[in-house]
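Everything below concerns the one structure shown next.
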Amino acid sequence: MSDFDLVIRADRVLIGGRWRGHAIGVKDGVITRIGPRHAEWSAREIVSIPSDQVLIPGVVDTHVHVNEPGRTSWEGFASATRAAAAGGVTTIIDMPLNSIPPTTTVEALEAKRSVAASQASVDVGFWGGAIPASLGALRPLHDEGVFGFKAFLSPSGVDEFPHLSAAQLREALAETGQFGGVVIIHAEDPDRLEPFSGGRYYEDFLASRPDASETSAIATIISALRATGGRAHILHLSSAKALNAIRGAKAEGLHLTVETCPHYLVLDAGTIDDGATQFKCCPPVRDSANREALWDALLDGTIDFVASDHSPATAELKLDGDFGRAWGGISGLQVMLAAIANGAREREIPLATALSWLTEKPAAFAGLENKGTIREGARADLVAFAPDRAWTVDPSALEHRNPVSAFGGRTLTGQAVHTWVGGKQAHPHIDEEPPPGTLLRRSTVAPEHPALT
Ligand SMILES: [Zn+2]
């Protein structure tokens, strides 16, 4: 009888923001003991991490579009969760669109769960959707364990997920506020979007989705929070021009959190070639000064964390070459950890700081208290990461379904080598085993929520 199912020894383990040598003892999927590097424990499997690798908590990605059922040719649970594991992501929370049906009813949530369960290489949770037809009826999905409700303020890109007006957003915030829920919002104001007739020029596409569309939508969200006392989260912030308003809202004590994405932190509008529609997303990638202001806002806490907004489509839809017709979404799930580690290195930001934006902070946002951290009692979601290993992104070698990447050809320093989900190997993938991921429900213990006290 062994003490543990798995023991991992490493010279550098990230615990509480600091690096130390430790042995990690795992039993029944949970870290049950943390001891000295050479602790004499028995285990069914003992892994010693090479000295060029560090042991970190698995990444928690709260913004992933899996698209199954209904648009599985764009992305499915098997391919998405394999991409996640390969990139050091051990938890994803799936968006309520672009699957068919969208996750706006309990029946649709059950359909998602039943197709995801047997295919999940990493842990999977689900967001619900707030569309005009679901207002007033959000509570049943909350009770079924969704993590919150996604809403758009501008057209979503798919007909079956219509957007909310400003008045309807207030309704959604008031309704979810009654049960301690959160509304997560695509913040572009349709009245500030400019007409765009398509074409091959990125600058024309960018001009059609100006900073003002984001700043206006964010002003709408802030005033709705003030009016309702609800809880809101701004998805995929692109425009740094909104940062001052966000700082003000947070200082005022409104319940507002914000994410940005690896593409906004890495790419630069000034280097996007004509017809290069792999870079199309909404809101758009802006210029390099804007990008640097987003890094600064992560460092000062105005932006809370980073999520991938992994939003694939078929290669045919994505690589159309016309910025009007091409699908607007970037597949960053497998690349996010490396891209952020690489970007932090370029800016001399400590790796531990950058990792907090990918692990403990998104976990806390989602109320996943036993994730995003290495401590006794936490789920054994662990990644052996080689911080100094450089690799070049080859879209055809990534695990997600369609071989398209806005990061293709980019050399990144930092690579996930080995990923465990609940103490079971998720990457490199073992085909014979059932995949190790489980389905998650929102914690029944609500995250700290000042509006309720
Ligand atoms: Zn999204």
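Every number for a ligand or one of its atoms is a count from 1 in the order of the listing.
- With salt bridges taken as basic N to acidic carboxylate O contacts below 4.0 Å, none links R200 and D322.
- Checking F305, W357, F147 one by one against F365, the ring-ring contact (aromatic ring centres under 6.0 Å, His included) holds for a single residue, F305.
- Among the atoms of H310, no N, O or S atom falls under 2.8 Å of the Zn ion (ligand 1).
- The closest approach of H63 to the Zn ion (ligand 1), by N/O/S atoms, is made by NE2.
- Within D309, OD1 is the N, O or S atom that lies nearest to the Zn ion (ligand 1).
- A donor-acceptor pair shorter than 3.5 Å can be found between the side chains of S79 and E75.
- With respect to E292 and R347, a salt bridge is recorded, a charged nitrogen being found less than 4.0 Å from a carboxylate O.
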